[in-house]
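A quick write-up on the structure given underneath.
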Amino acid sequence: MSTLLAQASDEAARYRAYGPRHIDDIAARYGLPDDVAETVRLSSMVLPFRVNQYVLEELVDWQRLPDDPVFQLVFPQRGMLNTEDIKRLGVLAGQTDPAAKRELRRTVAEIRAGLNPHPSGQMSLNVPRLEGVELPGMQHKYRETVLYFPGQGQTCHAYCTYCFRWAQFVGDADLKFSAPDPKGLLSYLADHPEVEDVLVTGGDPMIMTTDRLRNHLEPLLGVPTLNTIRIGTKSVAYWPQRFVTDHDADDVLRLFENVVAAGKNIAVMAHFSHPRELETDIARRAISRIRSTGALVYCQAPLIAHVNDDAAVWSSMWRTQLSLGAVPYYMFVERDTGPHDYFKVPLAKAVTIFQEAYRRLPGLARTVRGPVMSATPGKVAVDGVEDTPQGRLFQLRMLQARDPRLVGRPFRAVYSDSAAWVDELELAPSTPPDIGEAFLGRPGDPGAGTTDADGRSDV
Ligand SMILES: *Cc1c(COP(=O)(O)O)cnc(C)c1O
Ligand code: SF4
């Protein structure tokens, strides 16, 4: 039964993806308790599940199930779906007649629809146009940066259970999120000299072969107004072989060197959720090899209950990043999609975790900012909590804004123990009118939060 997995881990250097079809093999090989395996089996009918031999062999601590943070990061868990739904799936999955199969498909679709699969609903707000025509695979929200989604880079080496792009991994693709080639981007950049920075994202662009990645990146090197290419990726955590032992690992390093030689800055925006992802030799070698090309490595991740909702975890992760020559960049607040109730961390707790971790850092690691929400008007940081004659307030700040005049501006909202996103907050009465307007027109209504694809709550 588990020959398939055994083989794969023997030739550890060749990437193999495992999905719902391999759960029995994984359970047998790593001794998953029956009830845990059953939960994974049923939940993965609804939620995306993909893992590989490196994550299984090197990152998951099988002695600590089900609480192990990496197990929580990649395996669907009890509590992500409600008990009723799990029961319904269990009953239907046990039946073989065609009617039950149809009913199972219907049930899966219905449960998915209930999980806010498209928090990016209004993202047409940020879709760039050329002569009135929408350009696919791009987003332009902040003046200086365009997000670019290469069509062949829309999966990942493993899936995070908290991913806000989860719907696309279960076959519910939004085609706006993919560009076949960089032609549209090149025309757009020619038309928009204010864009200095292209953030290549996905999925995970590093899932592409180097040849494909090169086809997307090299044409950008001739754009005089472009200074920086960023690549959002979780590959250093999930498949560091990409930069070390894959057949085209050296080629990707040459590609990065070419970008630098062309006078452009290249930055790998690496998604690390837990310090364990930085402990393996190969992950460290990957970072060192990336840096040796002249590329910079910035690190970011969302704050996730059951995975990393602990100040000591972040502090240790940021220190390790610094010691490896990588720059701690963003701690994101998780957005409202998928099993959000399972993962969410209230803002009040998030800001405490951030501050506690930040206080322990050496100065050079205090490049990190957070906790940050990527909301409709922009990126909002929660800077702290203060007691005022008007009551307890959150101190907030726009780190990025669709309207560049709002960048850097502080504002306040009424404190709440439980609010986990900006749209659950009430802006303070003193909120400046332009900020209040950006959050849907009036103070007291910060408005719909999760409406754009961001430069990653993650990679
Ligand atoms: C976060 C983000 C960026 C990049 O913002 P930086 O603060 O420059 O890292 C760009 N575009 C979108 C849509 C984003 O959400
Ligand atoms: S969070 Fe990033 S790495 Fe994780 S599944 Fe989503 S896109 Fe892939």
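Numbering starts at 1 and runs along the sequence shown. These values consider heavy atoms only, across backbone and side chains, with no hydrogens, waters or symmetry-generated copies.
Distance check, rounded to the nearest 0.5 Å: CG of L47 to CZ of R112 gives 8.0 Å. For the atom pair CG of L278 and CD1 of I287, the computed distance is 5.0 Å after rounding to the nearest 0.5 Å. To the nearest 0.5 angstrom, D211 atom CG is 7.0 Å from D251 atom CG. A distance of 8.0 Å separates CD in E277 from NE2 in H274, rounded to the nearest 0.5 Å. In this structure, the separation between CD1 on I23 and CD on E38 is 9.5 Å, given to the nearest 0.5 Å. Between the CD atom in E334 and the NE2 atom in H340 there is a gap of 6.0 Å [rounded to 0.5 Å].
Between the side chain of D248 and the main chain of T209, no donor-acceptor pair closer than 3.5 Å is present. At distances below 3.5 Å, at least one donor-acceptor pair connects side-chain atoms of W314 with backbone N or O atoms of N308. Distance alone, capped at 3.5 Å, places no donor-acceptor pair between the Q63 side chain and the D68 backbone. At least one donor-acceptor pair under 3.5 Å links the side chain of N52 to the backbone N or O of V55. Put simply, the side chain of D197 never gets that close to the backbone of R230: no donor and acceptor are under 3.5 Å apart. Remark: the backbone N or O of K101 is not paired with any side-chain donor or acceptor of Q95 at under 3.5 angstrom. The backbone N or O of R14 lies less than 3.5 Å from a partner atom in the side chain of Q53, making a donor-acceptor pair. Remark: the backbone N or O of K141 is not paired with any side-chain donor or acceptor of R402 at under 3.5 angstrom. Side chain of H192 to main chain of L189: no donor-acceptor pair is present (N/O by atom type, distance under 3.5 Å, no hydrogens or angles).
Salt-bridge annotation for R284 and D281: absent, with no side-chain N of the basic residue lying under 4.0 Å from a carboxylate O of the acidic one. Using a cutoff of 4.0 Å between basic side-chain nitrogens and carboxylate oxygens, R88 and E110 are scored as salt-bridged. Between R29 and E57 there is a salt bridge, with a side-chain nitrogen of the basic residue lying less than 4.0 Å from a carboxylate oxygen of the acidic one.
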Go through it in stages, so that I can follow the logic: the residues are Q321 and Y329, the test is side chain to side chain donor-acceptor pair (under 3.5 Å), and I'd like the CA-CA distance, side-chain angles, deciding distance and then a yes or no.
CA-CA 10 Å; Q321 288 163 359; Y329 189 53; over 6 Å; no
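T210 and R242 are linked by a side-chain donor-acceptor pair at a separation below 3.5 angstrom, with hydrogens and angles left out of the test. Side chains of H140 and Y188: a donor on one and an acceptor on the other come within 3.5 Å. In this model, no donor atom of one side chain and acceptor atom of the other lie less than 3.5 Å apart for Y342 and T161.
Residue L59 forms a side-chain contact (heavy atoms from CB on, under 4.5 Å) with just one option from V70, V51, L73, V74, and that option is V70.
In this structure, the ring of W318 has its center less than 6.0 angstrom from the ring center of F354. Annotation: F75 is in aromatic contact with F49 [ring centroid separation under 6.0 Å]. Under the 6.0 Å cut-off for aromatic ring centres, Y148 and H216 qualify, their centroids lying closer than that.
The side-chain contact (heavy atoms from CB on, under 4.5 Å) check on N82 picks up E84, D85, with sequence neighbours excluded.
Closest approach of S416 to A348, counting heavy atoms only: O-CB, 3.7 Å.
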